[in-house]
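Note on naming: letters A, B, ... go to the chains in the order of the sequence lines (proteins, then strands), and numbering restarts at 1 for each one.
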Amino acid sequence: MEKVSKVFYIILCFIAVFCLTFFAFKNSSNTDISVEAALTTSQVKTVQTKLKNWGYYTGAVDGIYGSKTKAAVKNFQKKNKLTADGIVGPKTAAALGMSLTSSKSQTQTSSDLYLLAKCIHAEARGEPYAGQVAIGAVILNRVASSKFPNTISGVIYQPYAFTAVNDGQINLEPNQSAYNAARDALNGWDPSHGALYYYNPKTATSSWIWSRTVLVTIGNHKFAI
Amino acid sequence: MTKSSKIAITICSVLTALAIILATILSVSFNNETKNYKSQLNSVYQSDFYTLTDAVNNIETNLSKTLVTQNSNIQEKYLTEICSLCKIAQNSLSSLPLNHQSLTNTYKFVNQLGGYCYVLNENILSLKGITEDDLAQLEKLHKSSQQIKSDLNDLANLINSGYYIVENISDPKIKTNNFSDEFNFMYDETIEYPSLIYDGPFSDSTEHKQVKGLSEKEVTKTEAELKVKQCFGDFEINFVGESLGGDFDTYNFELKKGDITGYIQTAKRDNLVLQFATDEQSSSHNKNIYECEILAKNFLNKLGFNNIAPVWSTAEGGFVYCNLTFKTNDVIIYPDMIKVKISQENGNIVGLEARSWAFNHVDRADLSPLISSEQAKQKINQKLDVLDTNLCVIPDEYLGEKLAWEFKCIYDEAIYYDYIDAKTGEEIKVLKVIQTDNGNLLM
């Protein structure tokens, strides 16, 4: 009897290894982007507020698409005869009376602000406010300079230009401080005084970057031309 | 060995074999996927590279044709072609996986060549024509483009013979980034890049702006600190260092009040508050734009900026950005612009930007128009309904200034600002107010 249970134990182990191998491969080859993540924090807040007002949702309006929100969305979908998958797609959004995209009328969305805020957040969160505005200003100084690409997205996505783009941190959702700093930079604030480069002296390894003339040090970054 | 243990061993062996088979299948498919991604990326890089090579080849040809022809209409055609080719080359360059330092000069060359040809074109259109100096300059540019062309074509031959770009790129921190090394010909001194000064985008002259608005008198750190304390007394103020060698030498301070932090920089020359901003948040809209403009003006008066008037404000993300400028004898001096940022939640001043003022604020000697506003009005499109007329000084596209009549107009429910040169009567610029989800923009 003892032997039989040992055998079962071994079999169980194999099954476990089997499953783990399978999922490890599956996850490494698929970057899963959940549909919930496609909603911005403010859109999630809108969903929560609406569902709360109509009595589907009892949790906090915090902009986080958690299990409670999902359950509330499912309930709402069931009541409105939509597919109850807990995902706010175009149909559910329409039933909620909200739009997932901005209207195509006179107004235009400003992807520049968003991109700039993303880069500031990824490169300089935790830095003093001046340091955050300065990163935004460096990007805009590069756009204006003859030595760099001539658009904000060109500068940000230039290969090897920003470590945050290389390691994917650029895709983190920017916080309010990054947005404010990006707006200030777009409106002309530049505490770096025209810098085109910056580096953290504790981590910078390129001898070339050390040879640039430093204009100002803000927090952990040296800003240079 | 009992029967049950035999069965168990058999089951185990079968499962192990299955696990190995599955792992192999998965790893093969995973490898294939990686290969596919690599191959796709390589195709993108190759396409960028060939586009770049093509663009440079055509730039060289068009430059040589421009030098040969005598007909300005044909010159104009070739120069236009060069401008758009430069944009294409620039786009391809910025997508290729190359270290920035190996590219600096090439970027500059391509951008400046495009900007220069654009200006030459303008000169042809305004009947100024191309001068002998311009032709000499074009000759030099042509020589550089010939060198770049020949090096790029060598590299194209290498890629044609099977050089796989993706296999030859690595982290720039590791020194053997082979593909970048292949591009080093652009960085070393075998190619001569002429220095270009012209009145257009990316000219060498625009990279070194002159500070005209400040006197030579410098203040000490103590004097600067005193001024900051006078103006921002409700903040805890700490000196954090100086900025040297940029457009302005400044004393830099950090500001703190509870959770709010910020910075302030004062110019050493004239002790002018050059820039200040805090990270104060604002989530409600208790103050409207008009109220914010009054607060901004009072704040600037307190700092010592007089004869200032708000000209353009926009509300974004809970803040109002007010643009105020110097006004003298009813002439609006746009180059002397100061920006003030105000919280709509509580009317607090949360930012100031006065570098344009420091760059430009001088006494303008000649502010009298040669043509009247009525004459100027005849020059604008009669479809436009004029709402407001002002005499103003506007920054000319590249570093100069112009006296102009400004007409605020409405057409098809959109607001436009139309500018007519007050000396020559020429229409110089049209701006349109564009609504965005982050406030209104002037474009």
Contact leader toward chain B among A:Thr151, A:Ile225, A:Leu215, where contacts are heavy-atom pairs under 4.5 Å
A:Leu215

Below 4.5 Å, heavy-atom pairs only: which of A:Ala181, A:Gly188, A:Ser177 has the largest tally toward chain B?
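Looking at each option in turn, the highest pair count goes to A:Gly188.
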
Under 3.5 Å, is there a donor-acceptor pair between the side chain of [X] and the main chain of [Y]?
| X | Y | result |
| --- | --- | --- |
| B:Gln90 | A:Phe148 | yes |
| A:Trp189 | B:Lys339 | no |
| B:Gln265 | A:Pro191 | yes |
| B:Lys341 | A:Asp184 | no |

Is it true that atom CG of B:Asn36 has more than 12 heavy atoms of other residues, nucleotides or ligands lying nearer than 6.0 Å?
yes

Does NZ belonging to B:Lys87 count more than 12 external heavy atoms closer than 6.0 Å?
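No, because the 6.0 Å sphere around NZ of B:Lys87 holds 12 heavy atoms or fewer from other groups.
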
Please identify, among B:Leu352, B:Ile264, B:Asp249, the residue contributing the most non-hydrogen atom pairs under 4.5 Å to chain A.
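Maximum pair count with chain A is reached by B:Leu352.
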
Using a 4.5 angstrom heavy-atom cutoff, name the option from B:Tyr321, B:Phe276, B:Phe248 with the most pairs to chain A.
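Option with the top pair count is B:Tyr321.
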
Portion of [X] that has a non-hydrogen atom of chain A nearer than 4.5 angstrom:
| X | answer |
| --- | --- |
| B:Leu274 | side chain |
| B:Asn252 | side chain |
| B:Phe319 | side chain |
| B:Glu242 | backbone |
| B:Thr278 | backbone |

Test side-chain contact (heavy atoms from CB on, under 4.5 Å) applied to A:Leu113 and B:Glu316, step by step:
CA-CA 11 Å; A:Leu113 175 72; B:Glu316 313 174 20; 5.6 Å; no

Which atoms of A:Val155 come close to chain B, meaning under 4.5 Å heavy atom to heavy atom: side chain ones, backbone ones, both, or neither?
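Answer is neither: A:Val155 stays 4.5 Å or more from chain B.
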
Examine whether an atom of A:Pro128 lies under 4.5 Å from a heavy atom of chain B, and if so say whether it belongs to the side chain, the backbone or both; otherwise answer neither.
side chain

Do the side chains of A:Ser146 and B:Tyr107 get nearer than 4.5 Å, heavy atoms only?
no

Under a plain distance cut-off of 3.5 Å, with no hydrogens placed, do A:Asn180 and B:Asp279 share a side-chain donor-acceptor pair?
no

Separation between CG of A:Asn150 and SG of B:Cys86, rounded to the nearest 0.5 Å
10.5 Å

So CD of B:Gln275 and NE2 of A:His193: to nearest 0.5 Å the spacing works out to 6.0 Å

